[in-house]
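As the structure is a computational prediction, the values presented were derived from the model and not from experiment.
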Amino acid sequence: MSGGDIAGLIAAGVFAVLVAIIALPLVKLGKVFDETTLAIRDVSKGIAPILEESTTTIQEANKQLARVDAITTNVAEVTGNVNSLVALFAASLGGPLIAIASFGGAVRAAVRGTHAFDDDASGRAERSLRNATAKPKREKSEAKKASKASRAEY
């Protein structure tokens, strides 16, 4: 063996050691990729039931929203009816009460000895009567429009 052969053997040995040193991280990296592949496979199997459950939950939420919408519509109708009843009550009972109050004021003024009637008080009584007998400002068609607008928001 000559000096060149010995140098070649040493170089081949160094090269083999270098390849072994580089191969160890590559083997470990391969194991990491294998574990990552298994983890992705497990996650993929778990996502399908979650998506199905989410779909079911959203469908149930939509059903509940439809029920709430029906309840809101009924509440709007009841509110309109109560408003009409209050106006009717104020018109039927408020008018006579205002007349009695006006009569009481006139009697009080007569008892005091002054025959002048307070025009301001009678004007207020008349305005109160007009306000009590006025129709509600919000009609049924407007209540339906408001209900449709609230449904459009959902």
Side-chain angles (χ1 to χ4, degrees), residues 1-102 105 118-154:
M1 274 208 204
S2 67
D5 291 337
I6 294 176
L9 284 175
I10 292 174
V14 170
F15 184 73
V17 170
L18 182 64
V19 167
I21 290 173
I22 292 175
L24 288 175
L26 289 176
V27 170
K28 289 182 182 179
L29 185 61
K31 289 180 183 179
V32 169
F33 284 143
D34 290 341
E35 290 296 322
T36 305
T37 303
L38 292 175
I40 290 172
R41 191 173 298 140
D42 290 342
V43 169
S44 297
K45 289 179 183 177
I47 285 179
I50 291 172
L51 290 176
E52 290 175 7
E53 187 175 331
S54 297
T55 303
T56 305
T57 302
I58 290 171
Q59 289 172 348
E60 291 298 319
N62 286 337
K63 288 178 185 177
Q64 294 299 324
L65 286 175
R67 290 180 186 155
V68 168
D69 188 39
I71 291 169
T72 304
T73 303
N74 292 337
V75 167
E77 290 178 12
V78 168
T79 303
N81 292 340
V82 168
N83 192 13
S84 298
L85 284 173
V86 167
L88 178 66
F89 180 76
S92 62
L93 192 63
L97 286 178
I98 292 172
I100 291 171
S102 298
D118 186 9
D119 289 334
D120 187 41
S122 74
R124 278 185 278 155
E126 289 175 9
R127 282 192 303 275
S128 295
L129 179 61
R130 273 184 273 148
N131 289 339
T133 59
K135 289 185 178 179
K137 291 182 181 179
R138 186 172 183 180
E139 294 181 354
K140 193 171 188 178
S141 64
E142 291 178 4
K144 286 183 179 178
K145 288 179 186 176
S147 175
K148 287 180 182 177
S150 68
R151 280 185 270 175
E153 291 176 7
Y154 291 111

**OP:** Apply side chain to side chain contact (heavy atoms under 4.5 Å, CB included) to the pair L9 and I6, showing each step before the final yes or no.
**Re:** CA-CA 5 Å; L9 284 175; I6 294 176; 5.6 Å; no
Original post:
Partners of N81 by side chain to side chain contact (heavy atoms under 4.5 Å, CB included), sequence neighbours excluded?
Top reply: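 Residues passing side chain to side chain contact (heavy atoms under 4.5 Å, CB included) with N81: none at all.
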Can you list, pair by pair, the side-chain donor-acceptor contacts under 3.5 Å of residues 16-36, counting residues two or more places apart and other chains?
residue : atom : partner : partner atom : Å
T36     : OG1  : V32     : O            : 2.8

Could you list the donor-acceptor pairs under 3.5 angstrom formed by side chains in residues 40-56, with sequence neighbours left out?
residue : atom : partner : partner atom : Å
S44     : OG   : I40     : O            : 2.9
S54     : OG   : I50     : O            : 2.9
T55     : OG1  : L51     : O            : 2.9
T56     : OG1  : E52     : O            : 3.1

Original post:
With sequence neighbours left out, what residues match K63 under salt bridge (charged side-chain N to carboxylate O under 4.0 Å, His left out)?
Top reply: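 By the salt bridge (charged side-chain N to carboxylate O under 4.0 Å, His left out) rule, K63 matches E60.
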**OP:** Go through the steps for V68 and T72 under the test side chain to side chain contact (heavy atoms under 4.5 Å, CB included), then give the verdict.
**Re:** CA-CA 6 Å; V68 168; T72 304; 4.0 Å; yes
**OP:** Mind checking the CG-CG spacing from N74 to D69? Nearest 0.5 Å is all I need.
**Re:**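 Answer rounded to 0.5 Å: 10.0 Å.
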